[in-house]
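Notes for the one structure printed next.
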Amino acid sequence: MSSHTRTDSLRRRRAKVSAVAVLAATALTGCSEEAKLGWMPTERGITDNADMILDLWIGSWIAALAVGLVTWGLMLWCMIAYRRRKYETGYPRQVAYHAPLEVFYTVVPIALIMSLFFFTVRTQAEILDPHENPDVVVQVYGKQWAWDFNYLTDDVWDTGIQGHLDGEEGVPERVPTLYLPVDSDVELQVTSRDVIHSFWVPAFLEKADMFPGRTNNINITTGQEGSYFGKCAEFCGEYHSEMLFNVNVVSQAEYDAHIQSLRDAGQTGALGEEYSRDSYPGADDVLPVESFDN
């Protein structure tokens with residue numbers, strides 16, 4: 001076999017391997033969760049706020065892409081139109097200023113910033129607008145390192161324990177779980193028993209800080225049944241990574257059954273401030289938990 005034939009055979013073989021690799025990578029990417037969501041941070045329909053945040057996020061990327069395309073186009077045009085020709089010598093003609101371009105480079109960024117500011121403020125106002133008559137009101141207490149849920153509308157409570165990450169299966173089933181009915185206006189009143197925490201459900205695309213002695217609200221309308229993972233998003237001590245919880249958005253019948261199970265277990269009323277760290281007798285003389293790490 002001649003060297004030329006061997007070279008052609010080797011090239012064909014390499015082309016086949018490359019094609020298989022590309023197809024495999026494409027197939028694997030197509031099976032990923034990110035690809036299924038279209039590389040969006042969450043799917044639509046989970047909550048009304050998540051949809052508004054997603055629209056703002058997509059719009060911001062479209063604006064950024066448009067600015068990038070214009071910038072790259074202008075750069076490419078300058079490199080081609082004003083490149084040095086073979087017959088040219090010396091420096092190109094120097095321009096002290098270019099009024100139209102300077103106006104363009106001033107007005108366009110200001111217009112873009114004002115547009116992004118307008119849409120951001122409008123979305124934020126809609127997200128923070130409270131429900132007049134929410135279907136469900138839940139008080140959420142963060143504590144080192146678990147969660148308490150007071151279902152104020154139904155006058156029952158639930159509590160959970162720290163989700164120990166010991167490498168064993170079943171951690172999602174052991175952490176506290178917040179139940180919410182689907183297609184309902186929900187008000188979450190979040191606060192803390194000890195240090196600063198943060199209530200975060202990534203699929204909801206929003207979170208709220210939790211301060212001792214202060215209440216912040218999250219107002220959402222649930223739109224899709226499912227189980228969603230949540231965590232504390234504020235470093236709150238040694239076991240911050242194990243401060244986990246679940247949110248189950250279920251049918252009204254399943255929600256009512258869960259509430260009834262709490263009532264049957266005698267968990268009526270609400271877990272109040274009496275269980276917060278600063279409410280214990282002599283709490284001012286007790287060192288914070290983090291101080292024992294030193």
Practice task
Step by step, work out the side-chain contact (heavy atoms from CB on, under 4.5 Å) result for Asp155 and Tyr151.
Solution key: CA-CA 6 Å; Asp155 195 36; Tyr151 296 87; over 6 Å; no

Practice task
Please tell me if the side chains of Val247 and Leu180 come closer than 4.5 Å, counting only heavy atoms from C-beta onward.
Solution key: yes

Handout entry: Smallest separation among heavy atoms of Thr120 and Leu116, with atom names
Key = OG1-O, 2.7 Å

Practice task
Could you tell me whether the side chain of Arg83 and the main chain of Ile80 form a donor-acceptor pair under 3.5 Å?
Solution key: yes

Fill in the blank from the handout: Under a side-chain separation threshold of 4.5 Å, the hydrophobic residues clustered together with Ile113 are none

Handout entry: Flag for Ser227-Asn248: side-chain donor and acceptor within less than 3.5 Å
Key = yes

Practice task
Report yes if the side chains of Ile127 and Ile53 come closer than 4.5 Å at any heavy-atom pair, otherwise no.
Solution key: yes

Handout entry: Shortest non-hydrogen contact from Glu187 toward Pro134
Key = OE1-CG, 3.9 Å

Completion exercise
Contacts satisfying side chain to side chain donor-acceptor pair (under 3.5 Å) that involve residues 192-202 (not counting sequence neighbours) are Asp148-Arg193, Arg193-Ser276, Asp194-His197, Ser198-Asp209

Exercise for the section: Kindly indicate, with the supporting measurements, whether the criterion side-chain contact (heavy atoms from CB on, under 4.5 Å) is fulfilled by Asn246 and Leu178. Expected result: CA-CA 6 Å; Asn246 296 316; Leu178 171 65; over 6 Å; no

Problem - Asp256-Gln260 side chain donor-acceptor pair, cut-off 3.5 Å - result: no

Handout entry: side chain to side chain donor-acceptor pair (under 3.5 Å) pairs, two or more places apart, involving residues 103-119
Key = none

Exercise for the section: Spell out, as yes or no, whether a donor-acceptor pair under 3.5 Å connects the side chain of Thr153 to the backbone of Val137. Expected result: yes

Handout entry: From Ile58 atom CD1 to Leu65 atom CG, the distance as rounded to the nearest 0.5 Å
Key = 13.0 Å

Problem - same_hphob_cluster(Met75, Phe104) at 4.5 Å side-chain heavy-atom cutoff - result: no

Problem - Same apolar cluster (I L V M F W Y, side chains within < 4.5 Å links), Leu69/Leu101 - result: no

Problem - Donor-acceptor under 3.5 Å (Asn150 side chain, Leu271 main chain) - result: yes

Practice task
Could I get the full list of side chain to side chain contact (heavy atoms under 4.5 Å, CB included) partners for Thr89, not counting sequence neighbours?
Solution key: none

Problem - Val250 with Val138, same ILVMFWY side-chain cluster at under 4.5 Å - result: yes

Practice task
Could you verify whether a donor N or O on one side chain and an acceptor N or O on the other, from Glu273 and Tyr141, lie under 3.5 Å apart?
Solution key: yes

Practice task
Answer yes if the side chains of Gln144 and Arg277 hold a donor-acceptor pair under 3.5 Å, and no otherwise.
Solution key: yes

Exercise for the section: State the OG1-CG distance between Thr123 and Leu56, to the nearest 0.5 angstrom. Expected result: 4.5 Å

Handout entry: Cluster check Phe211, Val195: I/L/V/M/F/W/Y, side chain < 4.5 angstrom
Key = no

Exercise for the section: Give the minimum heavy-atom separation between Glu206 and Asn49, together with the two atoms involved. Expected result: OE2-ND2, 2.9 Å

Problem - Distance in Å, Leu128 CG paired with Ile218 CD1, rounded so as to fall on 0.5 Å steps - result: 10.0 Å

Practice task
Only pairs at least two apart or in different chains count here, so list each ring-ring contact (aromatic ring centres under 6.0 Å, His included) that has a residue in residues 212-266.
Solution key: Trp145-Tyr239, Trp147-Phe245, Tyr179-His258, Phe199-Phe245, Phe204-Tyr228, Phe235-His240

Exercise for the section: Could you give me the CA-CA distance, side-chain angles and deciding distance for Arg44 and Asp55, then say whether side-chain contact (heavy atoms from CB on, under 4.5 Å) is met? Expected result: CA-CA 10 Å; Arg44 289 188 177 276; Asp55 289 338; 2.6 Å; yes

Fill in the blank from the handout: Rounded to the nearest 0.5 Å, the OG1 atom of Thr177 sits from the CG atom of Asp158 at a distance of 8.0 Å

Problem - Main-chain N/O of Asp183 paired with Thr221 side-chain donor or acceptor, under 3.5 Å - result: no

Fill in the blank from the handout: dist Leu205:CG -> Ile220:CD1 (nearest 0.5 Å) comes out at 11.5 Å

Problem - Distance, nearest 0.5 Å, that separates CG of Asp135 from CG of Asp185 - result: 5.0 Å

Practice task
Verify the cluster assignment for Leu152 and Leu188: are they in a single hydrophobic cluster under the rule of side-chain heavy atoms below 4.5 Å apart?
Solution key: no

Completion exercise
Val186 and His131 have their tightest heavy-atom pair at O-CD2, 3.5 Å

Practice task
Using atom types as modelled and distance alone, determine if a side-chain donor or acceptor of Thr222 lies under 3.5 Å from a backbone N or O of Ser184.
Solution key: yes

Exercise for the section: Measure the shortest side-chain to side-chain distance between Leu112 and Val67 over non-hydrogen atoms and say whether it is less than 4.5 angstrom. Expected result: yes

Handout entry: Contact summary for Gly213 and Thr191, nearest pair of heavy atoms
Key = N-OG1, 4.2 Å

Handout entry: Donor-acceptor contact present, side-chain Thr215 to main-chain Gln189, <3.5 Å
Key = no

Handout entry: Derivation of the side-chain contact (heavy atoms from CB on, under 4.5 Å) call for Met210 and Asn216
Key = CA-CA 7 Å; Met210 311 170 76; Asn216 288 329; over 6 Å; no

Exercise for the section: Report the hydrophobic cluster partners of Tyr82, with the cluster defined as I, L, V, M, F, W, Y residues connected by side-chain heavy atoms closer than 4.5 angstrom, directly or transitively. Expected result: Trp77

Exercise for the section: Might you point out which heavy atoms bring Thr159 and Lys143 nearest each other, and give the distance in Å? Expected result: OG1-NZ, 3.2 Å

